[in-house]
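Just so it is clear: chains get the letters A, B, ... in the order the sequence lines come, proteins before strands, and each one is counted from 1.
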2 protein chains.
Amino acid sequence: MELDLVDKQLVKLLQEDCKKTTKHYADMLQLSKTAVYERIRRLERTGVITQYVALVDKKKLQKDFTVLCHIRLVQHTKDNVLRFEREVLKLEEVSECFHVGGDYDYILKINVADMKSYREFMLTKLTTINNIGNTQSSFVISEVKNTPSVHIG
Amino acid sequence: MELDLVDKQLVKLLQEDCKKTTKHYADMLQLSKTAVYERIRRLERTGVITQYVALVDKKKLQKDFTVLCHIRLVQHTKDNVLRFEREVLKLEEVSECFHVGGDYDYILKINVADMKSYREFMLTKLTTINNIGNTQSSFVISEVKNTPSVHIG
DNA sequence: ATAAAAATAGAATTAATATCTAAAATATAA
DNA sequence: TTATATTTTAGATATTAATTCTATTTTTAT
């Protein structure tokens, strides 16, 4: 599917705020409500837009302590890799998980309340997963964001 | 503000899909439309919910190539740090930026089309920012996600 | 136990989405 | 180029959902 300039502008608007009225986007883009409505439907139908979600204030939910945890596996057989990924996804503290090349095998973004919770998470959850070699925790001092944020699904 | 169990369930539902009708959430939670409506308003008003956004398919937007780029600064004075952060935020390829402790100073999540674009990004954009020491790029082989995703704002 | 405050349900209103029809713009084929 | 088909758009209408309102219930504090 080919996105024209208007589509791209519309996607960007929806990435910043998806709850405005169709008329609002229509005014921004100098189009009629129907035109915008149909474009949005098409973006959904063709899978460009995958989800509409609420974003929350980490601090308010006591998940303000972020760590980027680098993980090396011991063995890299397919079975081991798949089992690791399956186990990791069960942990609600893991908000992102990347299988990467280079120094480490995985980089996880962990969100918890504080250092104490992180220690607890490491000892009772993460390190109980088999096949983890060593880990290196990069503690997040601050998250640098632009406003309004454009989130990549 | 204190969140009760129903609030937490509601937040989770909204983090998975914020475009269902109030009635839908009401049915899920065994409450009336008004009850859910007022709870959502309160979550917004008190800043628990910060944003409603559309998530997009990276592949469809040709931003399917993800790199976690680790960066060391040369100097760590306040001015240098602030300037670096300001410059980094101007780059649309940077979808997340964390100031971290440990081995490196910053970890950036970069989204571009392919390796060629990444090279171009590094040469013509990132490394033109002053005060960058060295970088280490962790190329993402795959992103491990649970469905439906609960995204942390 | 009682009063005050907060939360909830259900009805009424307002406003938005979704649908329909026709017109305009764009692309396609002769 | 001209005619035809396809897509996109605008405007009107119908449908559905959000919002507001009032009364009732539940919770909280005294």
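The side chain of Ser32(B) places no N or O atom within less than 4.0 Å of a non-bridging phosphate oxygen (OP1 or OP2) of dT8(C).
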Q | nucleotides 18-28 of chain C: protein proximity per nucleotide (B base, S sugar-phosphate only, - neither; heavy atom, under 4.0 Å) | A | SBB--------
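Here the range on DNA chain D touched by chain B, meaning any atom under 4.0 Å from one of its heavy atoms, is dA17(D) to dC21(D).
Within the structure, side-chain hydrogen bond (donor to acceptor under 3.5 Å, both in side chains) contacts touching residues 101-116 of chain A (residues at least two apart or in different chains) are Thr66(A)-Asn111(A), His76(A)-Asp105(A), Glu85(A)-Tyr106(A), Ser95(A)-Asn111(A), Glu96(A)-Lys109(A), Lys109(A)-Glu96(B), Asp114(A)-Ser117(A). Residue pairs satisfying the salt bridge (charged side-chain N to carboxylate O under 4.0 Å, His left out) criterion with at least one member in residues 4-13 of chain B, sequence neighbours excluded, are listed as follows: Asp4(B)-Arg39(B), Asp7(B)-Arg39(B), Asp7(B)-Arg42(B).
Contacts of Lys23(B) classified as side-chain hydrogen bond (donor to acceptor under 3.5 Å, both in side chains), with partners at least two apart in sequence or in another chain: Asp27(B). In terms of the ring-ring contact (aromatic ring centres under 6.0 Å, His included) criterion, Tyr52(B) has no residue partners (sequence neighbours excluded). Scored by the side-chain hydrogen bond (donor to acceptor under 3.5 Å, both in side chains) test, Lys125(A) finds Glu93(A) as partners (sequence neighbours excluded). Evaluation of the salt bridge (charged side-chain N to carboxylate O under 4.0 Å, His left out) rule for Asp17(A) yields Lys20(A) as partners, not counting sequence neighbours. For Arg86(A), the salt bridge (charged side-chain N to carboxylate O under 4.0 Å, His left out) criterion is met by no residue, not counting sequence neighbours.
Remark: C1' of dT8(C) and CG of Asp4(B) are 13 Å apart, rounded to the nearest angstrom. Here the C1' atom of nucleotide dT17(C) and the OH atom of Tyr52(A) are 13 Å apart, to the nearest Å.
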For residues 143-153 of chain A, which side-chain N or O atoms pair as donor and acceptor with protein atoms under 3.5 Å away, sequence neighbours left out?
residue   : atom : partner   : partner atom : Å
Glu143(A) : OE1  : Lys58(A)  : NZ           : 3.0
Lys145(A) : NZ   : Gly153(B) : O            : 2.3
Ser149(A) : OG   : Asn146(A) : O            : 3.0

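Proximity of a side-chain donor or acceptor of Gln136(B) to a complementary backbone N or O of Ile71(B) within less than 3.5 Å is not detected.
Taking five base pairs at each end of the helix from dA1(C)-dT30(D) to dA30(C)-dT1(D) and finding the rotation axis that steps the C1' atoms of four pairs onto the next four gives two axes whose angle is 50°, to the nearest 10°.
Residues from residues 12-20 of chain B that place a heavy atom under 4.0 Å from any atom of DNA chain C: there are none.
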